[in-house]
Amino acid sequence: KAGVTQTPRYLIKTRGQQVTLSCSPISGHRSVSWYQQTPGQGLQFLFEYFSETQRNKGNFPGRFSGRQFSNSRSEMNVSTLELGDSALYLCASSLGVYQETQYFGPGTRLLVL
Amino acid sequence: GENVEQHPSTLSVQEGDSAVIKCTYSDSASNYFPWYKQELGKGPQLIIDIRSNVGEKKDQRIAVTLNKTAKHFSLHITETQPEDSAVYFCASAGEGFQKLVFGTGTRLLVSP
């Protein structure tokens, strides 16, 4: 079975721009969660989706948003990029929503200049 | 808010030695505790997990123990090998949610 895939793998943007990252979960998985990883803050939860509905959201500003499609693929969007948004953005998928094992993708490395 | 403390931040051992990483969580409602290994340039990979109705779980050279009373859980790696070198993260989650709260990570270096 193919693992979680994320595109693009690397991205360079400038301040003020917006960016959309994509995540394709493992086949059959219906839950997708997003995390931000930085050297200073570590791994932080962004949001979680199941059946196209956001079930939980972390403490991030409204510039961070996401959605999930009927095929369970998910996208996250960051508008008005700031330098501090530079990070590795990780997507994880699981079968369901009750403490199911989460499998992570390789991440998208975003650099904001 | 929820918090997971992880120690040590770095750990150097000789090949064949054992390594122990400890985590403490704050949310008494947490009852799922996974451990992830992250190698350079890759996403975290689940290596073992434990649920609150179990005190210990073992998978070959890796074991995890959980003390719910003390809110502690630990990762034990025996007979370490150079390929065990990576950053290890503990995490916790509460009932009904997929939100993982991660520890700050432990960089494990296994020298041949």
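Only a predicted model underlies this, so the values are computations on that prediction, with no experimental measurement involved. Numbers restart at 1 for each chain; the letters A, B, ... are given by sequence-line order, proteins then strands.
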What part of [X] gets closer than 4.5 Å to chain B, counting heavy atoms only: side chain, backbone, both or neither?
| X | answer |
| --- | --- |
| A:L46 | neither |
| A:R9 | side chain |
| A:Q37 | side chain |
| A:L90 | side chain |
| A:Y35 | side chain |

Using non-hydrogen atoms and a 4.5 Å limit, figure out which bit of [X] sits close to chain A: side chain, backbone, both or neither.
| X | answer |
| --- | --- |
| B:P34 | neither |
| B:L46 | side chain |
| B:Q38 | side chain |

Can you see whether B:D17 engages B:T80 through a side-chain donor-acceptor pair at a distance of less than 3.5 angstrom?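 Looking only at side-chain atoms, B:T80 and B:D17 do not form any donor-acceptor pair under 3.5 Å.
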In a table with atom names and distances, give each donor-acceptor pair under 3.5 Å that connects a side chain of residues 63-70 of chain B to protein atoms at least two apart or in another chain.
| from | atom 1 | to | atom 2 | distance (Å) |
| --- | --- | --- | --- | --- |
| B:N67 | OD1 | B:T69 | N | 3.1 |
| B:N67 | OD1 | B:A70 | N | 2.9 |
| B:K68 | NZ | B:S30 | O | 3.0 |

Examine distances only and state if a side-chain atom of A:Q18 and a backbone atom of A:T80 form a donor-acceptor pair shorter than 3.5 Å.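 No, A:Q18 side chain to A:T80 backbone: no donor-acceptor pair under 3.5 Å.
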Just give me the residue among A:A92, A:C91, A:P106 that pairs up with chain B most often, heavy atom to heavy atom, under 4.5 Å.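 Max contact count across the listed options: A:P106.
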For residues 62-72 of chain A, give me every residue with a non-hydrogen atom less than 4.5 Å from any non-hydrogen atom of chain B.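 The stretch does not come within 4.5 Å of chain B.
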ring-ring contact (aromatic ring centres under 6.0 Å, His included) between B:F33 and B:Y25, intermediate numbers included: CA-CA 10 Å; B:F33 307 93; B:Y25 61 97; 4.7 Å; yes
Please indicate whether B:L40 has more than 12 foreign heavy atoms, meaning atoms of other residues, nucleotides or ligands, lying under 6.0 Å from its CG.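 No, because the 6.0 Å sphere around CG of B:L40 holds 12 heavy atoms or fewer from other groups.
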CZ/A:R73: more than 12 non-hydrogen atoms of other groups inside 6.0 Å: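 Counting other residues, nucleotides and ligands, CZ of A:R73 exceeds 12 neighbours.
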Under the side-chain hydrogen bond (donor to acceptor under 3.5 Å, both in side chains) test against A:Y49, which residue among A:Q54, A:R55, A:E75, A:R30 passes?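 Looking at A:Q54, A:R55, A:E75, A:R30, the match for A:Y49 under the side-chain hydrogen bond (donor to acceptor under 3.5 Å, both in side chains) is A:Q54.
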Check: residues 81-94 of chain B side-chain donor-acceptor pairs under 3.5 Å, at least two apart:
| from | atom 1 | to | atom 2 | distance (Å) |
| --- | --- | --- | --- | --- |
| B:D84 | OD1 | B:R61 | NH2 | 3.0 |
| B:D84 | OD2 | B:R61 | NH1 | 2.9 |
| B:D84 | OD2 | B:R61 | NH2 | 3.4 |
| B:D84 | OD2 | B:Q81 | N | 2.8 |
| B:S85 | OG | B:P82 | O | 3.0 |
| B:S85 | OG | B:V110 | N | 2.9 |
| B:Y88 | OH | B:D84 | O | 2.5 |

What residues form a side-chain hydrogen bond (donor to acceptor under 3.5 Å, both in side chains) with B:E56, not counting sequence neighbours?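 So B:E56 forms no side-chain hydrogen bond (donor to acceptor under 3.5 Å, both in side chains) with any residue.
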Using a strict 4.0 Å threshold on nitrogen-to-oxygen distance, state whether A:D85 and A:K13 make a salt bridge.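 Looking at A:K13 together with A:D85, the answer is no, because their closest N to O distance does not fall below 4.0 Å.
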